[in-house]
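The next block holds one structure in the form of structure tokens; read it before the comments.
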Amino acid sequence: MRRLALVLLIWIGTASAQEPLGEPVTGEAKATFLATWSQRLQALQGLHMVFTQTKQLKVLRQPLVTQGELWLKGDLLRYTLKNTVGEIELDLLMDSQTVRTYYPLLHTLEVLDLRTAGAPPVTLPFLRGGPDALSKAYEVELFRRAEQDILRLVPRDTNVPLQEMRLVLRDFQPQEVIQIEKNGTSVHMRIVEFTINPEIPASQLALQIPPGTRVTYPLR
Amino acid sequence: MITAMFDRLGALCVTRPWRVLAFYAVLVVSVLPWILHLRLEADVRDTLPRDIAQAMERRNALFGTFDLAFILVQAPEARRDTLLAFGAALQERLAPSGLIRHVEFGYSAAMLEALGTLTLHYAPLLVSPEQLDDFDRLLTPEGIQAQIRKTLAQLSLPGAGPQDTLLAEDPLQMRRFAFARLSALRGAFRFDPTSPYLLSQDGTALLIKIEGRASVDDMAGAKATVALLQQVCQELIALPAFQDLTWQATGGYFFAAESERIIRRDMTSSVNLSIVCIIFLQVWVLRRWGVVVYGALPTLLGLWLALGTFAALRPQLNALTLGCVASLIGLGDDFTVHVLQQCFLEQSHGRARPEALRTAIRDIGGGLYMAALTTMAGFASFLAAGQPFLRDMGLLAALGIGWCLALGVTLLPALLVSLPAPAHPVPPRSMGIPQLITGVLRVPRLILGLSLALSLGAIGALVWWPPGFETDLRNIHATSSPTLRVQETIAALFGGSQEPLTLMITGETEEQVIRDLRRVEPALKDLVTEGLLAAVTSPTMLYPDPHVPAEVLSRLQAKDAAQLTTVLTTSLAEAGFDVAALQGYISAIQHALTLREPLDLSTFRARGFDPLLRPFLAHDAAGAVGLAVLFPAQDLWTQETRDTLTQRLTAVLAAQGVHGTLNSLYTISSASAALISADFRRITLLAVAGVVLCVSLQVRRLLLVLMVLLPVSCGALWTAGFFALSGFKLNFMNIAILPMLLGIGINYGIYVVHHFQRHGAASVSAALTGTGTAISLGALTTLLAFGTLALSMNQGIASIGVITFVGITACLVASLCTLPAMLQVGIVGRRGER
């Protein structure tokens with residue numbers, strides 16, 4: 001389930017909210033699409049993804065642009081985020097209990113216990129399963145434009161910060177995800193590379209912490 | 001003399017029946033005002049040691065009753081808004097009720113706003129010793145720059161969520177120093193950390209905590225609270241907005257109401273089943289439908305008069321006492337059974353009813369009187385108990401036995417003689433008792449040998465498997481408790497242990513209490529590390545040790561606040577933050593950097609932390625009280641787990657010289673059980689002494705005294721052996737039945753020996769022909785009265801049924817087999833030899 005959720009996370013599409021969504025797809029065609037998509041996700045065991053994210057926050061004068069890479073295998077998840085000049089700004093490894101965030105430029109490792117801190121630092125609202133689960137949590141609409149399928153998700157729970165999310169897919173492959181929050185924050189992720197079930201060496205799912213790194217436990 | 005007295009009494013009743021009936025009619029009506037004024041109470045504190053009861057009372061006065069109800073509302077998927085709307089609607093609907101003190105499902109908006117400001121303004125004062133270096137490093141130009149960079153990196157993580165808001169509002173992440181303290185106040189519970197509400201992490205469940213005004217010991221108040229909550233929840237769930245939600249409830253009020261409901265249902269079904277079975281049995285054995293009316297009347301009126309007499313002596317009755325009513329029906333009925341059986345037997349021999357009744361009363365009155373006195377002596381021993389409900393039970397039962405005897409030998413003959421007699425009276429069924437006695441008397445030595453073998457086997461079993469006392473408190477509660485299941489669901493959803501312990505520390509001032517709590521804090525943390533406790537919450541988790549703020553402030557003084565504020569502003573601007581929008585935040589940090597004085601307790605409270613401290617720290621005229629809430633890592637239902645933890649905690653308090661009291665459902669139940677058990681050991685010894693004395697005074701011959709005691713001794717021994725073999729354990733509920741069993745069992749010996757003496761101690765067979773049948777019928781009615789309790793859902797009550805069933809059966813077998821055999825061999829045989 002977590003894997004499916006992460007795949008969805010990756011599928012944050014490129015089509016901007018202002019862009020026309022395309023022709024609505026309803027009824028049996030929509031059901032067939034969702035069923036096929038769900039079937040494709042069943043085979044997911046691991047993932048490698050490269051993406052570029054642009055995030056706009058009210059409190060920031062300019063958008064945050066990041067290049068990121070993600071590996072997923074079983075319960076282990078690793079992100080690396082690079083700044084605009086290509087330096088690794090943040091290297092994160094998460095399992096079911098702990099999040100370790102390494103800041104190479106600051107020579108600092110932060111350890112967060114999920115049992116006390118609760119939620120992982122990345123709390124995307126659709127981290128709750130595949131297409132079937134999505135339709136429980138969201139009003140799901142499907143649009144078709146050129147060769148792209150666009151899923152528009154509006155949370156049924158009006159109390160959550162998320163206002164709307166769009167997933168852009170081409171032949172069931174995610175290309176872009178757009179997330180718009182009620183507070184004005186927006187996230188636009190473009191997926192550059194997306195490989196399902198790649199060979200991931202064990203070393204790729206471990207943090208290499210150089211000696212002398214300061215380890216902190218911010219919420220302990 | 002006793003025989004003559006009963007002869008005169010019998011004569012009076014059969015010659016002037018209407019006077020007797022009128023007398024009782026007046027008596028029955030006259031006790032009504034007393035009964036109407038009798039107050040029923042059920043205060044659990046009565047069953048507790050004085051120090052625990054006093055501690056509970058003080059805690060309730062200072063912090064409220066601590067009696068809670070929990071409503072768990074669940075949605076099929078994440079529906080935070082709907083769940084919170086349900087919580088708000090429930091809060092609104094319950095607010096006007098006088099039964100509800102407080103409804104909580106998270107911090108209020110005002111509290112949240114206040115906390116947002118407080119945790120920034122006073123962030124340095126909330127730093128823990130472990131965070132000192134981090135704090136020191138953060139408040140340097142390099143530290144501030146690094147932190148802003150980290151915040152920016154964290155904001156860059158994929159997607160967006162509530163965490164972004166927190167980071168954007170506090171880029172320096174100063175609130176983290178308060179986070180640990182605030183999350184410690186939640187104990188072992190795990191809620192959605194991104195929400196100020198008691199929501200589950202997946203947003204599918206909301207926990208609503210309701211504090212009532214009534215004590216759970218006030219059954220009427222508890223039931224009214226439960227009814228109100230059920231009604232409001234049902235009304236809300238019926239609204240279209242909440243139709244896909246489900247709700248469940250648990251907590252003290254629901255446990256109390258459930259226990260009362262189960263016990264009431266158990267008792268109701270037991271009494272009804274007993275009455276039906278007893279009536280059927282009596283009609284079948286005595287072969288008269290009229291016994292349905294006149295057979296039950298003396299017993300029922302006896303109970304009524306006993307209650308009236310009790311009310312005249314004592315203004316209130318503990319509700320637990322009513323548990324003995326079912327038993328009294330079985331006990332009181334014995335006298336009626338003996339009179340009727342003897343009377344019908346006499347009638348079947350051709351005597352007219354008045355004469356038959358007079359003869360019956362004269363012949364068996366003495367035996368019934370001796371039996372009643374002995375049973376009353378057994379119950380009188382309850383008056384020495386420390387527990388008020390046991391004293392009430394002893395008095396009510398003794399009065400009940402007395403009245404049942406009086407009515408059995410007076411009202412019953414008067415009533416019978418007033419009713420038309422059948423033209424051809426048939427004798428009662430013998431139930432095969434004469435044949436049994438004949439069989440026993442043919443082989444008395446074999447019977448004695450078998451009885452001896454059984455007794456030796458029982459002794460062996462008792463030596464090999466000594467009888468145990470039930471220490472797992474779950475085994476005396478209902479077998480399947482929905483309320484307990486809801487509690488387990490809450491524990492699974494939100495973590496936390498099912499029932500926390502409260503360590504109550506008292507002192508002269510709140511500062512002293514805080515100091516004492518701080519002294520025991522390291523040891524409590526050790527218990528968390530060892531895995532005995534899951535979490536600890538106390539006022540010291542929030543209010544810092546003065547040494548730490550002092551150290552923080554001394555380090556802060558060495559820093560240049562103005563320079564750090566400038567660095568912060570510059571770093572934010574360089575990182576792309578909108579500095580103008582963060583001006584309020586920068587001012588708050590500046591305030592924190594210029595703090596120079598630690599806050600004393602009263603200032604700490606006055607500045608806004610009071611609502612967080614209030615549930616844990618308070619004072620009254622006697623001094624101050626602080627509470628540490630301890631969440632055990634596992635439940636403490638068994639003696640072993642209870643002892644492991646409580647002994648460690650007691651040792652911690654002793655080592656630190658701190659005066660504290662431990663309170664919890666476990667410790668209260670355990671203390672209550674220990675007190676009741678101790679009471680019953682004493683009562684049982686007193687009952688034995690009282691019964692033996694009573695029998696000795698009445699029978700006066702050692703050999704006959706031993707004969708009277710033989711059935712109950714054998715019965716008790718065999719019962720104990722049977723339970724040792726089967727692994728049955730005594731508990732504080734079924735141990736209450738032991739003195740009653742003693743009283744009942746000894747009656748059988750009295751009836752047999754009394755009749756044996758009345759027949760000149762010459763023929764066991766003649767003595768037992770009628771009495772044996774009456775004993776058997778009486779025993780069977782008692783078995784039915786008690787035995788149906790074995791079907792109860794409440795395991796404690798069910799165990800009473802089991803122990804009584806086995807005990808009475810064993811006493812009956814010993815009375816009808818061992819005792820006749822012993823009388824034959826020991827008295828009739830010896831006389832024959834001489």
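Convention: sequence-line order gives letters A, B, ...; per-chain numbering from 1.
When each of A:Leu93, A:Val111, A:Leu112 is tested with A:Thr98 by the rule side-chain contact (heavy atoms from CB on, under 4.5 Å), just one qualifies, namely A:Val111.
B:Ala573 touches chain A through backbone and side chain together, each having a heavy atom under 4.5 Å away. Contacts of B:Leu155 with chain A are made by both backbone and side-chain atoms, with heavy-atom separations under 4.5 Å. For B:Ala581, no part sits under 4.5 Å from any heavy atom of chain A, backbone or side chain. For A:Thr54, no part lies under 4.5 angstrom from a heavy atom of chain B. Heavy atoms closer than 4.5 Å to chain A are found nowhere in B:Leu83, neither backbone nor side chain. With a threshold of 4.5 angstrom between heavy atoms, A:Leu60 approaches chain B through its backbone and through its side chain.
Ion pairing of B:Asp578 with A:Arg61 is absent here, as no side-chain N (NZ or NE/NH1/NH2) approaches a carboxylate O to less than 4.0 Å. Salt-bridge annotation for A:Arg152 and A:Glu139: absent, with no side-chain N of the basic residue lying under 4.0 Å from a carboxylate O of the acidic one. No salt bridge links A:Asp91 with A:Arg100; every basic N to acidic carboxylate O contact stays at or beyond 4.0 Å. Using a 4.0 Å cut-off between charged side-chain N and carboxylate O, A:Arg78 and A:Asp95 make no salt bridge. In this structure, A:Glu110 pairs ionically with B:Lys150, as a charged nitrogen and a carboxylate oxygen lie closer than 4.0 Å. Between B:Asp164 and A:Lys58 there is no salt bridge, since none of the side-chain N atoms of the basic residue sits less than 4.0 Å from a carboxylate O of the acidic one.
Options A:Thr216, A:Val65, A:Leu106, A:Leu105 differ in how many heavy-atom pairs under 4.5 Å they form with chain B, and the most are formed by A:Leu106. With chain A as the partner, the residue from B:Leu152, B:Leu582, B:Leu167, B:Asp133 showing the most heavy-atom pairs under 4.5 Å is B:Leu152. Note on B:Ser156, B:Ala146, B:Ala153: by heavy-atom pairs under 4.5 Å with chain A, the leading option is B:Ser156. Chain A forms more heavy-atom pairs under 4.5 Å with one residue of B:Glu142, B:Arg176, B:Glu169, B:Arg149 than with any other, namely B:Arg149.
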